[in-house]
Amino acid sequence: MSIAAKAQDLPLQDHPLSDAEVVEAYLTASMIPDPDAAAAYMKPGTIITFTGGREFDHPRGPTGFNAARYRWVKKKMDRFDVCPGADETVVYSIGTLYGEWIDGTPFEGNRYVDRFVVKGGQIVKMDVWNDSAERILVQRGIEA
């Protein structure tokens with residue numbers, strides 16, 4: 001059972017999630033995609049800085065952007081690097097993307113790094129980087 005499924009079955013106060021589990025639950029909901037479920041793990045108004053410096057204030061933003069780039073996309077989450085601080089924790093999710101480009105061409109092994117700031121059990125900042133733009137350039141015959 002995934003962290004997101006566990007979190008939905010138990011009230012947060014009965015089973016507080018670790019900061020890495022909050023991030024994993026957010027990413028799992030995002031991949032369904034269920035941006036409203038993902039938003040439950042974020043403080044309202046949190047800024048998501050997506051690839052290319054695009055800013056969104058709700059998980060619906062990246063979901064809509066991804067819908068124009070991919071038929072579908074998922075993350076293979078290889079690891080979470082957790083950096084605790086005095087009043088917040090930085091969690092990096094590192095892995096690869098796989099799925100289908102909008103034209104139906106399958107892909108895998110597309111590296112990503114997501115950086116989250118978690119405070120009080122909620123995500124308060126998210127930054128996203130991946131190699132999709134470089135892969136699209138290569139598809140078009142442009143050396144990346």
Side-chain angles (χ1 to χ4, degrees), residues 1-9 12 15-144:
M1 181 180 298
S2 74
I3 296 297
K6 288 179 194 172
Q8 291 171 358
D9 292 342
L12 211 50
H15 175 69
L17 299 177
S18 72
D19 293 334
E21 288 173 328
V22 167
V23 167
E24 183 180 5
Y26 169 85
L27 291 172
T28 299
S30 295
M31 287 188 290
I32 291 173
D34 188 342
D36 292 323
Y41 299 97
M42 295 190 130
K43 183 176 180 182
T46 292
I47 297 300
I48 302 165
T49 305
F50 213 61
T51 59
R54 296 165 185 87
E55 290 188 349
F56 304 105
D57 64 0
H58 190 279
R60 283 187 296 269
T63 298
F65 176 80
N66 283 341
R69 181 174 274 190
Y70 312 105
R71 272 196 187 170
W72 63 273
V73 63
K74 305 288 182 206
K75 291 185 177 189
K76 179 179 176 288
M77 295 177 261
D78 291 332
R79 73 177 201 256
F80 295 93
D81 293 344
V82 180
C83 309
D87 64 347
E88 64 186 27
T89 302
V90 174
V91 178
Y92 291 91
S93 174
I94 300 168
T96 56
L97 304 175
Y98 64 96
E100 288 183 7
W101 296 111
I102 200 71
D103 69 0
T105 304
F107 69 90
E108 63 182 354
N110 182 345
R111 299 175 311 156
Y112 82 85
V113 175
D114 292 342
R115 181 186 184 272
F116 296 85
V117 177
V118 182
K119 191 172 189 172
Q122 288 188 297
I123 297 165
V124 298
K125 183 165 178 36
M126 179 183 179
D127 296 286
V128 176
W129 296 273
N130 65 54
D131 286 338
S132 291
E134 287 75 14
R135 287 176 170 236
I136 291 169
L137 288 173
V138 169
Q139 284 178 342
R140 296 189 176 155
I142 301 168
E143 188 174 326

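Index from 1, following the sequence. As a basis for the values below, the full set of heavy atoms in this structure was taken, side chains included, without hydrogen atoms, waters or symmetry mates.
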Can you tell me how far [atom2] of [Y] sits from [atom1] of [X], rounded to the nearest 0.5 angstrom?
X: Asp127; Y: Thr49; atom1: CG; atom2: OG1; value: 5.0 Å
X: Arg115; Y: Met126; atom1: CZ; atom2: CE; value: 12.0 Å
X: Asn110; Y: Arg135; atom1: CG; atom2: CZ; value: 4.5 Å
X: Glu21; Y: Thr28; atom1: CD; atom2: OG1; value: 11.0 Å
X: Thr96; Y: Lys76; atom1: OG1; atom2: NZ; value: 5.5 Å
X: Ile94; Y: Lys75; atom1: CD1; atom2: NZ; value: 11.5 Å

Would you name the heavy atoms of [X] and [Y] that are closest together and state the gap between them?
X: Ala20; Y: Val82; value: CB-CG2, 3.9 Å
X: Met42; Y: Pro59; value: SD-CG, 3.9 Å
X: Tyr41; Y: Val22; value: O-CG1, 4.0 Å
X: Leu97; Y: Ser132; value: CD1-OG, 4.0 Å
X: Pro35; Y: His58; value: O-CE1, 3.7 Å
X: Ala38; Y: Ser30; value: CB-OG, 3.5 Å

Of all residues at least two apart in sequence or in a different chain, which pass the salt bridge (charged side-chain N to carboxylate O under 4.0 Å, His left out) check with [X]?
X: Asp19; result: none
X: Lys74; result: none
X: Arg140; result: none

Problem set entry | Backbone of Ile123 reached by a side-chain donor or acceptor of Thr46 within 3.5 Å | yes

Exercise. How would you list all residue pairs meeting salt bridge (charged side-chain N to carboxylate O under 4.0 Å, His left out) that involve residues 99-113, not counting sequence neighbours?
Worked result: Arg71-Glu100, Arg111-Asp131

For this session: Return each pair, listed once, that meets salt bridge (charged side-chain N to carboxylate O under 4.0 Å, His left out) where at least one residue sits in residues 40-65; pairs must be two or more places apart or across chains.
Result: Asp36-Arg60

Exercise. Should the pair Tyr26 and Phe116 be assigned to parallel (<30°), tilted (30 to 60°) or perpendicular (>60°) ring geometry?
Worked result: perpendicular

Problem set entry | Candidate pair Phe50 and Asn66, rule side-chain contact (heavy atoms from CB on, under 4.5 Å), full reasoning | CA-CA 10 Å; Phe50 213 61; Asn66 283 341; 3.6 Å; yes

For this session: Apply side chain to side chain donor-acceptor pair (under 3.5 Å) to the pair Tyr112 and Ser93, showing each step before the final yes or no.
Result: CA-CA 8 Å; Tyr112 82 85; Ser93 174; 2.8 Å; yes

Exercise. What ring pair (Phe, Tyr, Trp, His ring centres under 6.0 Å) pairs are there with at least one residue in residues 91-111, not counting sequence neighbours?
Worked result: Tyr70-Trp101, Tyr70-Phe107, Trp72-Tyr98, Trp101-Phe107

